[in-house]
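To start, the structure under review is shown below, and the notes come after it.
Values below: every heavy atom of this structure, side chains too, minus hydrogens, waters and symmetry copies. Computed from a predicted model, the values in this text were never measured in an experiment.
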Amino acid sequence: ENGETKQWDNAQELSGLPSGVSYDPDSMTLTLNGAALTWLNFTDFYDRPVTLVVEGENTITGQATALNFQACSNVTVTGSGTLNLTGDEYPFGWHDYNGEAASDYNLDGTLTFSGLTLNCTNTRTQAPEGYTDEDWSWFTPITLGGGNIRITDNAVLTCEGLGFIGVYG
């Protein structure tokens, strides 16, 4: 819930989930239905598929990132609801990171958006001091580390802020 941090690591069993959040460990599916969160991070799933189901109206408001899939190869974000993400770096991120350096990011999987409405707002009005034009992919509403992207079943993606989708790697 707002002010509370939950991290879903490597398909661990979750307990004490905030209101509007449920998890099915057999299908590795997290469902949001009326959730209001401050950050949601999926980490270290690698080649195992991950599904986030969005029903009803949901909001994740993070400082830098709202929703992040790190070291997750195949991700599906689906449902009939709305997910509003707000952050000042990249509200939505999909990355693979092997623990070495940023240049070692590499995704071979697929990110699928299906059916839902995803609204991403980046509140930053300019890049931080010291960043160059090459760094802008980190400050777009949707930041992707390569791979394949599919938008199906009339999914709607909207972005506000600096740029639309930044791709690196």
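L67 and L30 fall within the same hydrophobic cluster, defined by Ile, Leu, Val, Met, Phe, Trp and Tyr side-chain heavy atoms under 4.5 Å apart, directly or through other members.
With sequence neighbours excluded, the residues that form a side-chain contact (heavy atoms from CB on, under 4.5 Å) with S27 are D24, T29.
Remark: the backbone N or O of T110 is paired with a side-chain donor or acceptor of N74 at under 3.5 angstrom. Judged purely by atom type and a 3.5 angstrom limit, N58 uses its side chain to pair as donor or acceptor with the backbone of G34.
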Identify every side-chain donor-acceptor pair in residues 76-85 under 3.5 Å, counting partners at least two apart or on other chains, and give the distances.
residue: T78; atom: OG1; partner: S114; partner atom: O; Å: 3.1
residue: S80; atom: OG; partner: E55; partner atom: OE1; Å: 2.6
residue: N84; atom: OD1; partner: N119; partner atom: ND2; Å: 2.8
residue: N84; atom: ND2; partner: E57; partner atom: OE2; Å: 2.7

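Of the inter-residue distances, the one linking W39 atom CH2 with N68 atom CG reads 7.5 Å to the nearest 0.5 angstrom. A distance of 9.0 Å separates CG in N154 from OG1 in T152, rounded to the nearest 0.5 Å. Here the CD1 atom belonging to I60 is positioned 5.0 Å from the CG atom belonging to L37, to the nearest 0.5 angstrom. In this structure, L52 CG and T31 OG1 are separated by 7.5 Å, a value rounded to the nearest 0.5 Å.
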Applying side chain to side chain contact (heavy atoms under 4.5 Å, CB included) to V21 and Y23, what does each step give before you reach the verdict? CA-CA 7 Å; V21 180; Y23 172 58; over 6 Å; no
Assess the residue pair L118 and V156 against the criterion (side chain to side chain contact (heavy atoms under 4.5 Å, CB included)); give the C-alpha distance rounded to whole Å, side-chain angles, the decisive distance to 0.1 Å, and a yes or no. CA-CA 6 Å; L118 177 67; V156 176; over 6 Å; no
T51 vs V53, test: side chain to side chain contact (heavy atoms under 4.5 Å, CB included). Steps then yes/no. CA-CA 6 Å; T51 302; V53 176; 3.9 Å; yes
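Here the closest non-hydrogen pair linking A66 and T86 is CB-O, 3.6 Å. The two atoms that bring G115 and A155 nearest to each other are N-CB, 3.5 Å, heavy atoms only.
Side-chain contact between L157 and F113 is present, with heavy atoms from C-beta onward closer than 4.5 Å.
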